[in-house]
Amino acid sequence: MNSTASLLSVQPAASLPTALSVNVNKVALVRNTRHLGIPSVTRAAQQCLEAGAQGITVHPRPDGRHIREQDVFDLQALMQDWPQREFNIEGNPFHNLMEIVRQVRPQQATFVPDSEGQFTSDHGWNLAQDGERLRPLIAECRALGVRVSLFMDPVPEAMAAVKALGADRIELYTEPYAAAWGYAAQAEQLERYRAAAQAALDAGLGVNAGHDLNRDNLVDFLRSVPGVAEVSIGHALIADALELGYRATVRAYLDCILAARG
Ligand SMILES: CC(=O)[C@@H](O)[C@H](O)COP(=O)(O)O
Ligand SMILES: NCC(=O)COP(=O)(O)O
């Protein structure tokens, strides 16, 4: 990262139109390889929040490969000190997510259709198959005061159905765009995401985005896709933090958001 002052010196992070939520799954993944409790998930989150991240995201998978329930409760306690920031908990509501949401009541729950042993998230919901089963769980979360976001592929025709189920937002699954970035297919992918985001906005939904976003591909995405309220970024951001540190890394990602949207 260059040494020029962060662009954010002229605009506080809180005023950015697209929030950065740091996913700390991969800090927990490294921590779990020894019984020493380091690297600390809560210290990572604290430093990211101090640097201006507007939220923290976790995905407590049933197999506990990285984020575990105790991490969720520890982060819930930490977030009490940051009332203006958001806690976003991802997971499959047919597996372990709902019990966690009932206990923790985060600002946002992101429903992801992953199977229990899935390598990583790699697709959005099939609402024709699962929509009616999701409806009461969406309603329960909202009754608890928890915003609901559905992890979705960029399919404009699906957005009205998301709204009809009572969800507040979608999260666009962005790996196909990330894989195309820097190649001829980039423009075609960006058009897919632009159309899907516009359809979501037209349906009255908020738009989040995430998966394989990084410092290279984030600016082009935000410049092309309208109304992105939040990007949740983990794998690449934590990899950057291994080289730059959490604070400088978060500032670099906030600079990308400012450069795209500021
Ligand atoms: C839903 C999504 O795309 C990611 O937030 C997910 O948390 C990635 O999971 P892993 O960190 O286990 O790859
Ligand atoms: N919802 C996306 C997320 O939280 C992080 O995904 P990634 O940046 O780890 O691919």
Side-chain angles (χ1 to χ4, degrees), residues 18-33 39 41 44-45 48 53-69 71-72 75 85-97 100-101 106-125 147-154 167-181 193 197 206-218 221-222 225 228-242 246 249-250 252-254 256-257:
T18 299
L20 172 66
S21 186
V22 176
N23 182 312
V24 293
N25 289 353
K26 300 301 162 51
V27 181
L29 190 70
V30 174
R31 189 252 345 253
N32 292 349
T33 56
V41 169
C48 291
Q54 288 90 353
I56 298 295
T57 291
V58 292
H59 192 148
R61 293 182 180 275
D63 63 12
R65 70 184 75 165
H66 42 55
I67 291 291
R68 293 165 175 168
E69 280 200 12
D71 294 310
V72 179
L75 288 167
R85 313 293 174 90
E86 291 207 348
F87 195 16
N88 174 41
I89 305 179
E90 301 179 327
N92 189 321
F94 304 140
H95 299 159
N96 62 332
L97 178 67
I100 293 171
V101 168
Q107 284 76 19
Q108 179 173 266
T110 300
F111 288 7
V112 185
D114 289 7
S115 60
E116 297 209 7
Q118 192 166 313
F119 178 68
T120 189
S121 308
D122 61 11
H123 63 281
W125 286 101
R147 179 193 316 130
V148 177
S149 177
L150 297 192
F151 197 64
M152 299 295 292
D153 297 311
D168 301 284
R169 295 191 186 178
I170 59 153
E171 176 176 341
L172 291 170
Y173 166 54
T174 49
E175 191 278 339
Y177 159 70
W181 187 84
Y193 286 87
V207 177
N208 295 345
H211 204 95
D212 284 344
L213 294 175
N214 61 40
R215 280 187 293 154
D216 293 327
N217 62 34
L218 182 57
F221 184 84
L222 292 178
V225 180
V228 178
E230 174 189 285
V231 288
S232 45
I233 305 176
H235 193 90
L237 190 150
I238 299 303
D240 286 336
L242 291 175
Y246 294 118
T249 296
V250 166
Y253 278 80
L254 292 172
C256 290
I257 293 172

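Read the numbers this way: they start at 1 and go in the same order the structure lists the ligands and their atoms. No experiment lies behind these values; they were computed from the predicted model shown.
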Check each atom of ligand 1 against the heavy atoms of [X] and keep those under 4.0 Å away; list them by number with element.
{"X": "K26", "value": "11 (O), 13 (O)"}
{"X": "H66", "value": "10 (P), 11 (O), 12 (O)"}
{"X": "T120", "value": "8 (C), 9 (O), 10 (P), 13 (O)"}
{"X": "F151", "value": "1 (C), 3 (O)"}
{"X": "H211", "value": "2 (C), 3 (O), 4 (C)"}
{"X": "H59", "value": "6 (C), 7 (O)"}
{"X": "N23", "value": "5 (O), 7 (O)"}
{"X": "E90", "value": "1 (C), 4 (C), 5 (O), 6 (C), 7 (O)"}

task: May I ask you to check whether over 12 heavy atoms, not counting those of H95, lie within 6.0 Å of atom NE2?
output: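 Yes, enclosed.
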Any donor-acceptor pair under 3.5 Å linking the side-chain atoms of [Y] with those of [X]?
{"X": "S121", "Y": "D114", "value": "yes"}
{"X": "Q108", "Y": "N208", "value": "yes"}
{"X": "N88", "Y": "T57", "value": "yes"}

task: Report the part of T110 (side chain from C-beta onward, or backbone N, CA, C, O) that has a heavy atom under 4.0 Å from ligand 1; answer both or neither where that applies.
output: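 The answer is neither; T110 stays 4.0 Å or more away.
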query: So which bit of H235 gets within less than 4.0 Å of ligand 1, heavy atoms only: side chain, backbone, both or neither?
result: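 The answer is neither; H235 stays 4.0 Å or more away.
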query: Is the closest basic N to carboxylate O distance between R61 and D63 below 4.0 Å?
result: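 Salt bridge between R61 and D63, a charged N being under 4.0 Å from a carboxylate O: no.
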- request: Tell me, please: is E171 in heavy-atom contact with ligand 1, that is, under 4.0 Å?
  value: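 Under 4.0 Å: no for E171.
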message: Using 30° and 60° as the class boundaries, would you call the ring planes of F221 and Y193 parallel, tilted or perpendicular?
response: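 Ring orientation of F221 relative to Y193: perpendicular.
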Are any protein N/O atoms closer than 3.5 Å to the N/O atoms of ligand 2? If there are, list each pair with names and the distance to one decimal place.
from	atom 1	to	atom 2	distance (Å)
ligand 2	1 (N)	E90	OE2	2.6
ligand 2	1 (N)	E171	OE1	3.4
ligand 2	1 (N)	E171	OE2	2.5
ligand 2	1 (N)	S232	OG	2.9
ligand 2	4 (O)	N23	ND2	2.9
ligand 2	4 (O)	E90	OE2	3.4
ligand 2	4 (O)	S232	OG	3.4
ligand 2	8 (O)	G234	N	2.7
ligand 2	8 (O)	H235	N	3.4
ligand 2	9 (O)	H235	N	2.8
ligand 2	10 (O)	D212	N	2.8

message: Can you report which non-hydrogen protein atom sits closest to atom 9 (O) of ligand 1, along with the distance?
response: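 Result for atom 9 (O) of ligand 1: R61 NH2, 2.9 Å.
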query: OG1/T174 to CG/L172 distance, rounded to the nearest 0.5 angstrom?
result: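 If we round to the nearest 0.5 Å, T174:OG1 and L172:CG are 8.0 Å apart.
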